[in-house]
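What follows is a short report on a single structure.
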Amino acid sequence: MAGSGLWVVGLASLLALPGIFVSVSVEASPGDADPHYRTCVGECQNTGIIGGNIISHCQSRENDSISAGSSWYTQEALRVQWKQLNCMTDCRYYCMMRREEERRLGGLSPIQYHGKWPFKRVSVFQEPLSAALSALNLLMHFTGWLSFFLLVKYRLPLRPQTKKTYYEYTGLWHIYAILSMNAWIWSSVFHTRDIDLTEKLDYSSAVAVLGYSLILTLLRIFNVKEGATRVMFAAPILAFVTTHILYLNFYELDYGWNMKVCVAMGVVQIVAWAIWAGVTHHPSRLKLWVVVFGGALAMLLEVFDFPPYKGYADAHSLWHASTVPLTYLWWSFIKDDAQFRTSTLTLVKKAR
C-alpha cells in the first residue's frame, strides 16, 4: 500500500501541473497590441474594405444602433447582432491574415490574436480541425452510450419483478451521456463560430458535465445506492456548479477562475478513480488507469502550446484528437463495470 500511495501522490502532482500553468496564462495576446493590426481592424470596420476583400456585413448602417458594450442577452434583434459580430470577426480575420503574412515575410514567428492562434478558415469554420474533432468526440460518446444502452437493456439480465437493470448506475450514466454529447455539440459550434453566445454555451456545457461527472464519480466509488444519500452527495456540488455557471454567464466570464474550478474538479475525479481501481481490484482497472494516465499526458498539450501547423493543427486540436480513443476506452470501462456489477448481484441472488 505504501508504493500505491506514492504512485497516487505522483499522479496527483502530474495532474495538478497543467492547471497551475494554464490558470495563470490567461493574459492579453501580443497580436491585440500590434498597432498595424489595430489600425487595420478600425479602418475595415469603418469602410468595410480591406485589401481586395469587401466585408458586406460592415456595409449596413444597422450596426450603428447596437451598443458595443451591452451583453448578448440585452441587445436587440439577434439578426442585427449577428451582422455586427460578422463585421467585427471578419475584419479581425482578414487583418490577422494580412499581418501574419507580413510577419512571415519578415522572418517572424506567428503570434496569438484575442487569445487564439492565427487559424485559416475553411468555409464558415474558424477552427476547422478542432470543430471536426469535437464532432468526432460527439460521435464517440454517442456510439459508446448506444452500445451501453443495448448492453444493459437487451444483453444483461433484468430484475424479474421490475424489469429494471441490476446495474444501479444505469440511469446516471444515461444522464452523463446526454450532458457529454451536449458539451461536444457546443464545442463544435464554438470552434466553428466564436462569438460571445457560443463561447458561454461551450464553457457552461463543459462545467456542467464536469460537475455532474464529479457527482457520479463519488456515487460510484462510494457505492451509494439509496436515493436520499445520493441527494446528500449531489446537492452541494450541484449548488456550486449552478452558481458558477450563472456567474460566468451573467456576471463575469473569468477565464482564470473557471480554469481553476474545472481543473480542481477534474483532478479530484481522476485521482479518485485511480485510487478506487487499485483498492477494489476492479477487473477492468487497467482500462481505467490508461484513461487516467492518457488524460494526464493529453493535458500537457494544453500547457506546451504551439502555433498551428500550416494554419490548422495546433496543440488544442491535438488534445481534441487524443480524447477520441480515451472516450472509446472510457465507455468500454463503463460497460465492463455494468457487466461486473450485474454478475456479482445475480450470483449473490442465486446463492440465496
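Along the sequence shown, residues carry numbers from 1. Small disclaimer: the values here were computed from a predicted structure and weren't measured.
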Worksheet item: Considering all heavy atoms of both residues, which atom of V241 and which atom of M265 are nearest to each other, and what is their separation?
Response: CG2-SD, 4.2 Å

Worksheet entry | Intermediate values then yes/no, side chain to side chain contact (heavy atoms under 4.5 Å, CB included), H141 and T327 | CA-CA 7 Å; H141 271 285; T327 298; 3.6 Å; yes

Fill in: Residues which pass ring pair (Phe, Tyr, Trp, His ring centres under 6.0 Å) with F333, listed by chain and number, not counting sequence neighbours
W273, H282, W330

Worksheet item: Please, which pairs that meet salt bridge (Lys or Arg N to Asp or Glu O under 4.0 Å) have at least one residue in residues 39-54, sequence neighbours excluded?
Response: none

Worksheet item: Would you say S204's side chain and L201's backbone share a donor-acceptor pair under 3.5 angstrom?
Response: no

Fill in: Mutual orientation of the aromatic rings belonging to W331 and Y176 [parallel < 30°, tilted 30-60°, perpendicular > 60°]
tilted

Worksheet item: Do the side-chain sulfurs (SG) of C91 and C44 come closer than 2.5 Å?
Response: yes

Item to complete: Report yes if some heavy atom in the side chain of R341 is under 4.5 Å from a heavy atom in the side chain of R220; otherwise report no.
Response: yes

Item to complete: Can you sort out the partners of E100 under salt bridge (charged side-chain N to carboxylate O under 4.0 Å, His left out), two or more places apart, ordered by chain and number?
Response: R103

Discussion item. I'd like to know whether CZ of F142 has more than 12 heavy-atom contacts from other residues, nucleotides or ligands below 6.0 angstrom.
Written reply: no

Worksheet item: Is the closest side-chain donor-acceptor distance between Y167 and D337 under 3.5 Å?
Response: yes

Worksheet item: Rest of the hydrophobic cluster containing F340 (Ile/Leu/Val/Met/Phe/Trp/Tyr, side-chain heavy atoms under 4.5 Å)?
Response: none

Fill in: Audit row: Y169, N223, side chain to side chain contact (heavy atoms under 4.5 Å, CB included) steps and yes/no
CA-CA 10 Å; Y169 307 95; N223 202 24; 2.8 Å; yes

Worksheet item: Apart from L129 itself, which Ile, Leu, Val, Met, Phe, Trp or Tyr residues share its cluster (side-chain heavy atoms under 4.5 Å, direct or through members)?
Response: L133, L136, L139, M140, V324, Y328

Worksheet item: Between C40 and C95, is the SG-SG gap less than 2.5 Å?
Response: yes

Worksheet item: Which pairs, with at least one residue in residues 143-153 and sequence neighbours excluded, count as a side-chain hydrogen bond (donor to acceptor under 3.5 Å, both in side chains)?
Response: W145-H174, S147-K335

Fill in: Close aromatic pair by centroid cut-off 6.0 Å: H114 and Y37
yes

Discussion item. Please check: side-chain N/O of T242 versus main-chain N/O of A239, any donor-acceptor pairing under 3.5 Å?
Written reply: no

Practice prompt. Indicate if L253 and Y251 have the same hydrophobic cluster label, given that clusters are the connected sets of ILVMFWY residues with side-chain heavy-atom separations under 4.5 angstrom.
Written response: yes

Worksheet item: Would you say the side chains of S213 and Q269 form a donor-acceptor pair under 3.5 Å?
Response: yes

Worksheet entry | L219: which of V224, L214, T229 passes side-chain contact (heavy atoms from CB on, under 4.5 Å) | V224

Discussion item. Under a 3.5 Å distance rule, please check whether N137 uses its side chain to pair with a backbone N or O of H320 as donor and acceptor.
Written reply: yes

Discussion item. Taking L210 as the starting point, is it possible to reach I178 by hopping between hydrophobic residues whose side chains are less than 4.5 Å apart?
Written reply: no

Worksheet item: Does L172 offer a backbone N or O that forms a donor-acceptor pair with the side chain of Y212 under 3.5 Å?
Response: yes

Worksheet entry | Exam field: side chain S188 to backbone W184, donor-acceptor pair closer than 3.5 Å | yes

Practice prompt. Could you work out the complete set of other residues in the hydrophobic cluster of F119, with links drawn between I, L, V, M, F, W and Y side chains under 4.5 Å apart?
Written response: W117

Fill in: Side-chain donor/acceptor of S130 to backbone N/O of E127, under 3.5 Å
no

Worksheet item: Checking T346 side chain against S343 main chain: does a donor-acceptor pair fall under 3.5 Å?
Response: yes

Worksheet item: R155: what forms a salt bridge (charged side-chain N to carboxylate O under 4.0 Å, His left out) with it, not counting sequence neighbours?
Response: none

Practice prompt. Kindly indicate whether the side chain of H191, heavy atoms from C-beta on, has any atom under 4.5 Å from the side chain of H316.
Written response: yes

Worksheet item: Same cluster for L288 and L326 if Ile/Leu/Val/Met/Phe/Trp/Tyr side chains link at under 4.5 Å?
Response: no

Worksheet entry | Hydrophobic cluster membership, Y154 vs F148, 4.5 Å side-chain cutoff | yes

Worksheet item: For the side chain of S123 and the backbone of F125, is there at least one donor-acceptor N/O pair under 3.5 Å apart?
Response: no

Item to complete: Please check if Y113 and Y309 belong to a single hydrophobic cluster, counting links between Ile, Leu, Val, Met, Phe, Trp and Tyr side chain heavy atoms closer than 4.5 Å.
Response: no

Practice prompt. Could you walk me through whether L151 and Q339 pass the side chain to side chain contact (heavy atoms under 4.5 Å, CB included) test, one step at a time?
Written response: CA-CA 9 Å; L151 172 71; Q339 291 177 303; 3.8 Å; yes

Item to complete: Take W173 and V152, measure what side chain to side chain contact (heavy atoms under 4.5 Å, CB included) needs, and give me the verdict at the end.
Response: CA-CA 11 Å; W173 284 118; V152 296; over 6 Å; no

Item to complete: Using the salt bridge (Lys or Arg N to Asp or Glu O under 4.0 Å) rule, collect all pairs that involve residues 225-251, keeping only residues at least two apart or in two chains.
Response: E168-K225

Worksheet, complete the sentence: Sequence neighbours excluded, the answer for salt bridge (charged side-chain N to carboxylate O under 4.0 Å, His left out) partners of R38 is none

Worksheet entry | Basic-acidic side-chain contact under 4.0 Å: D196, K200 | yes

Practice prompt. State whether the side chain of T342 and the backbone N or O of L156 hold a donor-acceptor pair below 3.5 Å, judged by distance alone.
Written response: no

Discussion item. What I'd like to find out is whether the side chain of W186 reaches to under 4.5 Å of the side chain of Y203, using heavy atoms alone.
Written reply: no

Fill in: Remaining members of the apolar cluster that contains Y312, side-chain heavy atoms under 4.5 Å
V122

Practice prompt. Considering only NZ, NE, NH1 and NH2 on the basic side and carboxylate oxygens on the acidic side, decide whether R99 and E102 come within less than 4.0 Å.
Written response: yes

Response to the item:
Hits for salt bridge (charged side-chain N to carboxylate O under 4.0 Å, His left out) against R285, two or more places apart or cross-chain, chain-then-number order -> none

Worksheet item: Is D194 reaching over with its side chain to a backbone N or O of F190, donor-acceptor style, under 3.5 angstrom?
Response: no

Worksheet entry | SB check D90 R121 (cutoff 4.0 Å) | yes

Practice prompt. Give me the ring orientation class for F233 and F222: parallel if the planes are under 30° apart, tilted from 30 to 60°, perpendicular past 60°.
Written response: tilted

